[in-house]
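A, B, ... follow the sequence lines: proteins, then strands. Residue 1 opens every chain.
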Amino acid sequence: MIDTIIQESAAKAFRKVYSAEVESGDIIIQKTRRDFEGDFTINVFPFLKLTREKPEISAEKIGAFMIENAPELERFNVIKGFLNIVVKPEYWSGFLSKNFKDPDYGIRTEPSGTSVVIEYSSPNTNKPLHLGHIRNNLIGWSVAEILKANGHQVIKVNLINDRGIHICKSMLAWKKWFDGKTPEKEGIKGDKLVGDCYVRFDRELKSEIAGLVQKGLDREEAEKEAPLMAEARKMLQDWEKEDPDIRGLWKQMNNWVYDGFDKTYERLGVDFDNVYYESDTYLLGKEIVEEGLTRGVLFKKDDGSIWADLSDEGLDEKLLLRADGTSVYMTQDLGTAQLRHDDYNPDKLLYVVGNEQNYHFDVLKIVLKKLGRDWAEGITHVSYGMVELPHGKMKSREGTVVDADDLMEEMHATAAAMAKELGKADDLSDEESSSLFEMISLGALKYFILRVDPKKNMLFNPEESIDFNGNTGPFIQYTHARIRSLLKKATDRSIKPLNEIFTGEMQPKEIEILKMLYSYTSVVADAGTTLSPATIASYAYDLAKEYNQFYQEISILKEEDLEKARFRLTLSLFTASVIRSAMFMLGIEVPDKM
RNA sequence: GGUCCAGUAGCUCAGCUGGAUAGAGCAACAGCCUUCUAAGCUGUCGGUCGCAGGUUCGAAUCCUGCCUGGAUCACCA
């Protein structure tokens, strides 16, 4: 690897020329800025204390030594304290011929020995999936693929929150106002029907509360006293007592929801290796809490509720079990964490969950450690920001949620309209064009969401944000399609990729692309550390943009010098392969034609 | 009030283990299709990197304070 060669050579230079104690790891190399000549740059400022000479002179001496001693390096120049190094073109062409056929270039195929369980999606069963879930699912799936590309063994899991007061609300509403209605009869997805029930409950409850307030109760009281709420709570108790009628309805409605979710997941292209249900795990959580109590790690209040004292960690006390013995969110999460550890014994447990739960995961980790679970150290909360709309947050009550299915459908329609306008799909069958539009619209959606740093809140403007031009998924897909079409043309003209090392002269643009392809390996590794698909997205865009400029300026197949044409074709193919690989990690398919 | 996160071009976002003149896209304007796909390319316009200090050869990047926005501190999940 050329960067290690440079590091070692520079370190050696410092040792020989200045007798300074410098290890290769101390040398920070960066890509040379575009406006200067060179491939890599070493900044000598940090070493001036050792050299005791002016920056220019130090850099000059180090550079001279390196060129003398490292055969891969061609020449150097010095600007202020910056030592710019030019790598021999043969190195780059050698790199190309060695790697262009490798479909796994840049990704680590040998196991790293680290195993990871990653939870994402984690829906409630009372509402359809919305834009916020889309961000969650995309980040989760993508992070999982990025970790795989780093050689980790990855298990993707979903945790379905299928119990609790929210699902009782939907059930109650169904019994009261939707009795007899099914997704089949209504002709809608199951999750939508159950969501309608939930919305109806909320509406009825609101008016009930309003009525009570009018009768003179204060707001808080009214919310507690409302008969609908009491009925829902009663239902939850019956559910915990395993009342057969309630359980039957619960199962049926949940199954409707799962059918609906499955369709959404499939269209989004996300999947899971295992699915956990809170109804299966919350009892285990209770056991863990009991165990903590007997071990004296937790304490019981007079009313019988069980708590963890986290004041020594700078946090408050945290409730783990209610006085009536029913579990809370944290109880369940203790159980699921334990279960996941027992099932897979992973090195790392990742949770892709919104940043509004940062505190929750801090607490979860601390409580588990207090309970003697050393493996809790491996818990990482992959926290992501909210998706905001131009008019503020998404609020289900105000009807401003962007439904996942609707959004994908609209995107598809927009992609189709755009393609038609551009005359792109004229020679395609209906089936072919539909699958192409799907690829493009999902590419746009996924790229748009994944290109922003997960931890930041992001704005989603349905009208303006989803674009097919510029820094978008379709732009990258287009670049790939262009190259694939080039390959086809090349085959027609019997031009083959160049297996041997190219000996001709290379254009700056060509070297630029080769350098970018070379850096793919470290980009993948980076993304694996930062757990950020945005790293990959921005790389894919930069590469595609660089290639498009190259494509525009330099003729590839029309080049008369056959070796040159073959070299450029090879470079193009390698670019397409890396684009495909990077886009795969974002869950984005790339078409051969568009 | 405590804690955490964010604030970069009119808008959406990169850049943040300190390094050279802070980058893209969108929007606006001017060009480029007889030529390997114009969902493309080129150019112009656009910035006191929230504010104020500090650290040092050097700060968008690190530290402190402040301002603004968000999240959280629930016997909701």
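The residue A/D333 sits apart from the nucleic acid: no heavy atom pair falls under 4.0 Å. At a threshold of 4.0 angstrom between heavy atoms, the contacts of A/I42 with the nucleic acid are absent. If you check every strand for non-hydrogen atoms under 4.0 Å, A/M458 touches sugar and phosphate atoms only. A/A534 comes within 4.0 angstrom of no nucleic acid atom, judged by non-hydrogen atoms across all strands. Among the protein residues, A/A481 comes within range of the nucleic acid bases, having at least one heavy atom under 4.0 Å from a base atom. No contact: A/S383 has no heavy atom under 4.0 Å from any strand. Contact annotation for A/D362: no contact, since no heavy-atom pair falls under 4.0 Å across all strands. When heavy atoms are screened at a 4.0 angstrom cut-off, A/E553 is found touching no nucleic acid atom at all. Contact annotation for A/L48: no contact, since no heavy-atom pair falls under 4.0 Å across all strands. Within the nucleic acid shown, A/P55 has no heavy atom closer than 4.0 Å to any nucleic acid atom. Heavy atoms of A/N124 sit under 4.0 angstrom from primed sugar atoms or phosphate atoms, though from no base atom. Contact annotation for A/F45: base contact, defined as any heavy-atom pair under 4.0 Å involving a base atom.
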Would you give me the side-chain donor-acceptor pairs under 3.5 Å for residues 525-535 of chain A, sequence neighbours excluded?
{"from": "A/T529", "atom 1": "OG1", "to": "A/A525", "atom 2": "O", "distance (Å)": "3.0"}
{"from": "A/T530", "atom 1": "OG1", "to": "A/D526", "atom 2": "O", "distance (Å)": "3.1"}
{"from": "A/S532", "atom 1": "OG", "to": "A/A534", "atom 2": "N", "distance (Å)": "3.2"}
{"from": "A/T535", "atom 1": "OG1", "to": "A/S532", "atom 2": "O", "distance (Å)": "3.1"}

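Between B/rG46 and B/rG2, the distance separating the two C1' atoms is 42 Å to the nearest Å. With P as the reference atom, B/rC33 and B/rG47 are 32 Å apart, rounded to whole Å. Rounded to whole Å, the P atom of B/rC5 lies 16 Å from the corresponding atom of B/rC66. B/rA9 and B/rA60 are spaced 14 Å apart, taking the C1' atom of each and rounding to whole Å. One C1' atom belongs to B/rG25, the other to B/rC62, and the distance between them is 30 Å to the nearest Å. Spacing of P atoms, B/rU3 relative to B/rA59, comes out at 30 Å, to the nearest Å. Nucleotides B/rU42 and B/rG23 place their P atoms 16 Å apart, quoted to the nearest Å. Separation of the C1' atoms belonging to B/rC16 and B/rC73 is 29 Å when rounded to the nearest angstrom.
The pairing partner recorded for B/rG40 is B/rC32, the criterion being a Watson-Crick or G-U wobble arrangement whose two distances lie under 3.5 angstrom. Across every strand in view, B/rG53 sits in a pair with B/rC63 that passes the Watson-Crick or G-U test at under 3.5 angstrom. Across every strand in view, B/rA14 sits unpaired, with no contact that passes the Watson-Crick or G-U test at under 3.5 angstrom. For B/rU3, the paired nucleotide is B/rA71, the pair qualifying as Watson-Crick or G-U wobble because both relevant distances are below 3.5 Å. B/rA20 is unpaired under the Watson-Crick or G-U wobble criterion, no partner having all donor-acceptor distances under 3.5 Å. In this structure, B/rC45 forms no base pair with any nucleotide, since neither Watson-Crick nor G-U wobble geometry is met with both distances under 3.5 Å.
Using the six-membered ring where Trp is involved, A/W250 and A/W239 have ring planes that are perpendicular, over 60° apart on the 30 and 60° scheme.
Across every non-hydrogen atom of A/F76 and A/G63, the tightest pair is CE2-C, 3.5 Å.
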### Query
Taking it one step at a time, do A/Y198 and A/F201 satisfy ring pair (Phe, Tyr, Trp, His ring centres under 6.0 Å)?
CA-CA 5 Å; A/Y198 189 79; A/F201 179 93; 7.2 Å; no
#### Entry: Step-by-step side chain to side chain contact (heavy atoms under 4.5 Å, CB included) determination, A/N137 to A/Y120
CA-CA 6 Å; A/N137 284 299; A/Y120 64 97; 3.7 Å; yes
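Atom CG of A/N126 is separated from atom P of B/rA77 by 12 Å (rounded to the nearest Å). B/rC5 atom C1' lies 12 Å from atom NE2 of A/H381, rounded to whole Å. Taking atom CD1 of residue A/I440 and atom P of nucleotide B/rG40, one finds them 12 Å apart after rounding to whole Å. If you take CG of A/N355 and P of B/rU3, they are 18 Å apart, rounded to a whole angstrom. The nearest whole Å value for the distance from the CG atom in A/L459 to the C1' atom in B/rG69 is 13 Å. Here B/rA39 presents its P atom at 16 Å from CD1 of A/I476, a figure rounded to the nearest Å. Atom NZ of A/K509 and atom C1' of B/rC36 are 18 Å apart (whole Å). In this structure, A/F550 atom CZ and B/rU42 atom P are separated by 14 Å, rounded to whole Å.
For A/Y329 and B/rA77, the shortest distance from a side-chain N or O to OP1 or OP2 is not below 4.0 Å. At the phosphate of B/rA14, OP1 or OP2 sits under 4.0 Å from a side-chain N or O atom of A/K456. Taking side-chain N and O atoms only, A/R484 has no distance below 4.0 Å to OP1 or OP2 of B/rC36. Applying the 4.0 Å criterion to OP1 and OP2 of B/rA77, one finds that A/Q357 has every side-chain N and O outside that range. Between A/K169 and B/rC76 there is no side-chain polar atom (N or O) within less than 4.0 angstrom of OP1 or OP2. The side chain of A/S485 places an N or O atom within less than 4.0 Å of a non-bridging phosphate oxygen (OP1 or OP2) of B/rU37.
A/E563 places none of its side-chain heavy atoms less than 4.5 Å from the side chain of A/F567. Contact check for A/S327 versus A/L321: side-chain heavy atoms found under the 4.5 Å cut-off.
Of the residues near RNA chain B, A/D324 and A/K49, the one whose nearest nucleotide (by heavy atom distance) lies more toward the 5' end is A/K49. In this structure, A/T32 and A/M594 both approach RNA chain B, and ranking their closest nucleotides by distance from the 5' end singles out A/T32.
The environment of NZ in A/K301 is crowded: more than 12 heavy-atom neighbours from other residues, nucleotides or ligands sit within 6.0 Å. Enclosure of atom CD in A/E560 is not indicated, since only 12 or fewer non-hydrogen atoms of other residues, nucleotides or ligands lie within 6.0 angstrom.
In this structure, A/R482 is positioned above the aromatic face of A/Y551, its NZ or CZ under 6.0 Å from the six-membered ring centre and within 45° of the axis.
For A/K424 against B/rU37, a side-chain-to-base donor-acceptor contact under 3.5 Å is present.
Counting only N and O atoms by type, the side chains of A/N358 and A/S383 include a donor and acceptor under 3.5 Å apart. In this model, a donor atom of one side chain and an acceptor atom of the other lie less than 3.5 Å apart for A/T125 and A/N254.
Lacking a ring centre under 5.5 Å from that of the base six-membered ring together with a plane angle below 30°, A/F475 does not count as stacked on B/rA39.
Glycosidic conformation at B/rC33 (O4'-C1'-N9-C4 for purines, O4'-C1'-N1-C2 for pyrimidines): syn, within 90° of 0.
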Do any N or O atoms of the protein come closer than 3.5 Å to N or O atoms of nucleotides 21-27 of chain B, and which pairs are they?
{"from": "B/rG23", "atom 1": "OP1", "to": "A/R33", "atom 2": "NH2", "distance (Å)": "2.8"}
{"from": "B/rA24", "atom 1": "O3'", "to": "A/K545", "atom 2": "NZ", "distance (Å)": "3.1"}
{"from": "B/rA24", "atom 1": "O2'", "to": "A/Y541", "atom 2": "OH", "distance (Å)": "3.1"}
{"from": "B/rG25", "atom 1": "OP1", "to": "A/K545", "atom 2": "NZ", "distance (Å)": "2.8"}
{"from": "B/rG25", "atom 1": "O2'", "to": "A/N471", "atom 2": "N", "distance (Å)": "3.3"}

